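Below is one structure, written out as structure tokens, with a few remarks after it.
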Amino acid sequence: MIEDVKLMLGITDNSFDSLLTLMCEDAKAAITDYCNRKDFPKQLTYLAREIVVDSYKVNTEGSVSSVTRGDTQISYSNVISKDNFTDKQIKAMAKYKLIKMV
């Protein structure tokens, strides 16, 4: 998925691979969480790419904050979470959402 995101953003080198990998993982986790699933629906890969591209574009235009995962520190300001999904993205995930039984 990272190669597709780089293609969409016009990135030709590997200097942003760590950041884009983290953002891809965050997008997949947010989609999985929103859909109340344990697995990531592969049919929503296009949506994860869209979320990463949108978030990356916002981050290159806005301020930056720090995110630390393990021994790696990467900075981006628009944290990807289920709270930031657009109505279009929510509609795309609707048929993959599972009902959460309490």
Side-chain angles (χ1 to χ4, degrees):
M1 181 163 66
I2 189 170
E3 293 304 321
D4 294 334
V5 170
K6 286 169 58 174
L7 179 66
M8 293 169 74
L9 291 169
I11 297 173
T12 56
D13 61 12
N14 297 331
S15 60
F16 294 100
D17 282 6
S18 295
L19 173 63
L20 293 175
T21 298
L22 178 61
M23 292 175 84
C24 288
E25 290 172 7
D26 288 351
K28 289 166 87 174
I31 290 170
T32 303
D33 185 37
Y34 178 81
C35 292
N36 297 320
R37 302 178 68 100
K38 294 182 191 245
D39 62 322
F40 174 75
K42 292 186 188 235
Q43 297 88 340
L44 294 177
T45 300
Y46 78 94
L47 188 62
R49 284 192 303 259
E50 176 185 307
I51 291 167
V52 171
V53 168
D54 291 346
S55 182
Y56 181 85
K57 287 179 180 178
V58 167
N59 289 319
T60 57
E61 297 169 1
S63 61
V64 177
S65 65
S66 179
V67 176
T68 303
R69 298 275 170 106
D71 62 349
T72 304
Q73 182 174 354
I74 300 174
S75 298
Y76 66 99
S77 60
N78 185 24
V79 178
I80 298 170
S81 74
K82 66 180 183 178
D83 299 327
N84 298 333
F85 291 144
T86 64
D87 289 338
K88 177 185 162 198
Q89 293 165 341
I90 289 170
K91 286 179 185 176
M93 292 182 280
K95 74 179 192 179
Y96 299 96
K97 189 170 183 169
L98 300 176
I99 297 172
K100 192 172 189 177
M101 303 297 274
V102 196

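Values in this document were obtained by computation on a predicted structure and should not be read as measured data. Sequence positions, counted from 1, serve as the residue numbers for this chain.
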I'd like a table of donor-acceptor pairs (distance under 3.5 Å, sequence neighbours excluded) in which one partner is a side-chain atom from residues 89-96, with atom names and distances.
from	atom 1	to	atom 2	distance (Å)
Gln89	OE1	Thr86	N	2.9
Gln89	OE1	Thr86	OG1	3.4
Gln89	NE2	Glu50	OE2	3.3

Measuring from atom [atom1] of [X] to atom [atom2] of [Y], what distance do you get when rounded to the nearest 0.5 angstrom?
X     : Y     : atom1 : atom2 : value
Ile80 : Glu25 : CD1   : CD    : 10.5 Å
Leu22 : Phe16 : CG    : CZ    : 14.0 Å
Leu44 : Arg49 : CG    : CZ    : 11.0 Å
Tyr56 : Leu20 : OH    : CG    : 6.5 Å

Test side-chain contact (heavy atoms from CB on, under 4.5 Å) applied to Asp54 and Val58, step by step: CA-CA 6 Å; Asp54 291 346; Val58 167; 5.7 Å; no

Which atom pair, heavy atoms only, marks the closest approach of Ala27 to Ala48? CB-O, 3.9 Å

Sequence neighbours excluded, every pair satisfying salt bridge (charged side-chain N to carboxylate O under 4.0 Å, His left out) that has a member inside residues 36-48: Arg37-Asp39

Measure from the side-chain N and O atoms of Asn36 to the backbone N and O of Ile99, and report whether any donor-acceptor pair falls under 3.5 Å. no

Could you give the side-chain donor-acceptor pairs of residues 1-12 under 3.5 Å, partners two or more places apart or in another chain?
from	atom 1	to	atom 2	distance (Å)
Lys6	NZ	Asp13	O	3.1
Lys6	NZ	Asn14	OD1	2.9
Lys6	NZ	Asp17	OD1	3.0

